[in-house]
Amino acid sequence: MREGGRDSTPGSDNAAGSNGPVLEPPVPWRGTLLPLAFVFIALIALVVVPLALMERSRSTWREIVDVAEPADVQVDAIEYALVREVAAIRAFLITGDSVFLDRYTRARAEETRAYAPLGVLARRLGGDVPARARMLRTAVMRWHRHVATLLPAAGHMAPAAATDVRLATQEAIYRDALDALVSLDHSIDGAVEVRRARIRADERLEMALTLVLVATALGAAIVVARLGVRLVQMTEHAERRRREVEALTESRARLIRGLGHDLKNPLGVIQNYVVLLESGIKGAVPPAQREVLGRIRRLTGDSLGLVNDLGDLFRAEAGQLTISPGRVDVVETVRDALEENRPAAEAAGLRIGLEPHTAVPAVETDGGRVREILGNLISNAIKYTPAGGEVSASIEVGADGRAPRPGRWIAVGITDTGPGIPADQRERIFDEFQRFGAGAGHAPGTGLGLAISRSIARLLGGDITVESEVGRGSTFTLWLPLERK
Ligand code: ADP
């Protein structure tokens, strides 16, 4: 019945039905992951953002120290050279002494040397500094051109009055050069001021960000702390509930054990008396009374079965079923279970047998319990399959895609050609007292067999699943782990 679609996923579960209420364990990371990620990011930002801002301030400072200040030095050098040039030219014009001409030439050479670094520094400073530097260059070139007009005539200097006129012109051109120099100086100061303002803004931003991030981290820490407290409360609550459920299960098991004990004896005695009466030892029994006695016997038998089943179920729920592990030959166990049920199958007009299978290793499990489960599955298959049908067992070894959990399993399937189980019933039938269709009244039973079987299978580390197709039959699979943990 593989094609019937698998509907009973182990562990998916009716555990609440057959194994008592199961409390979802709290998953601590689910609620705290987001705030934790937030705290993590906030902490990273707390470190990274101020560092980035500090780095930016440092590089701005470097610009001031490495660019603006050297630019100032070059401007000062040019100014100093110009002052020396004008003094030398004046002295030369007045005295005609070539010593002054040499001084002029040296000062001019120093001045010229300053332009190359100044040009580079001005470009790095940006803003209007490069334009001002060019203007300075133009003004100074005018000055030099003017000086050049004076020099050829220097050897034949005019009288003092004529020299004064020349000096006045020269003074004006020189002043223009100085003005250009001052203007460049201001513009360098302006560039420095822009950078200082940027540093101050960065520092303010750094402070504000640090405050915001500290507040955020604080907030997140509070949230995480509150979540932690909540988690502890939830865990305590869950633990309390678990203990309550355990106590409840145990007290139910005790009650059923007590009841079972108190009921079993009188029921057994009633049954014995009925058998005695039926046998005619106490006198001949008329046919009408014999029929009544037969009913009493059957009902008493059912009640005894129910008491036994309930006892088993609650022992399984309370984990009080004894498991006696040992090396078990699964093939032999399946064969035994089939043989035990063969008479019943044949009486019901059914074929019964084991399908061919590959080699099956021995497993560490409780053979008695396995036979108990298989007996229940086989007797159900016989009970619910109409005459002429078939009940077969199959054994598969290995990790199967249909397995309850990852791992290596032995899967024992009990397949019948019975009425099948509708999809909406496939999980419910593992609950206590759940019967439907033929099970609900027409066939004898208590609705406890599957609940007990699944509880035992889980105690063995395995499970039971069902696949079925209405009208074609069902396969109940007992999963036994190849390696027990
Ligand atoms: P019981 O057989 O005593 O009723 P179970 O727990 O063994 O109790 O089974 C619960 C119900 O599941 C049955 O009443 C029946 O309706 C259904 N069922 C179990 N096995 C089969 C099967 N092989 N084919 C069809 N229905 C089944």
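As the structure lists them, so they are numbered: ligands from 1, and atoms in each ligand from 1. Bear in mind the structure is a predicted one, so any value in this text is a computation, not a measurement.
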* Qualifying residues under side chain to side chain donor-acceptor pair (under 3.5 Å), relative to Ser57, sequence neighbours excluded -> none
* Asked: How would you list, by chain and number, every residue that makes a side chain to side chain donor-acceptor pair (under 3.5 Å) with Arg200, sequence neighbours excluded?
  ->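 By the side chain to side chain donor-acceptor pair (under 3.5 Å) rule, Arg200 matches Glu193.
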N or O pair under 3.5 Å between [X] and ligand 1:
X      : result
Ile421 : no
Asn380 : yes
Gly447 : yes
Ala451 : no

* Asked: Any heavy atom of Phe476 sitting closer than 4.0 Å to ligand 1?
  -> yes
* Check if Gly418 has a non-hydrogen atom at a distance under 4.0 Å from any atom of ligand 1. =>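 The answer is no: ligand 1 sits nowhere under 4.0 Å from a heavy atom of Gly418.
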* Decide whether Asn376 and Ser453 meet the rule of one side-chain donor and one side-chain acceptor closer than 3.5 Å. => yes
* **Nearest-0.5 Å distance that lies between atom CD in Glu332 and atom CZ in Arg335** => 8.5 Å
* Pull out every atom of ligand 1 sitting under 4.0 Å from any heavy atom of Leu448, numbered as shown with elements. => 6 (O), 8 (O)
* Run the numbers for me: atoms of ligand 1, each under 4.0 Å from some heavy atom of Lys383, listed by number. =>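 Listed by number with element, the hits are 1 (P), 2 (O), 3 (O).
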* **Asp366 side-chain N/O to Ser324 backbone N/O, donor-acceptor pair under 3.5 Å** =>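 Yes; judged by distance alone, with no hydrogens or angles, the pair exists.
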* Can Glu246 and Arg242 be counted as an ion pair, charged N to O under 4.0 angstrom? -> yes
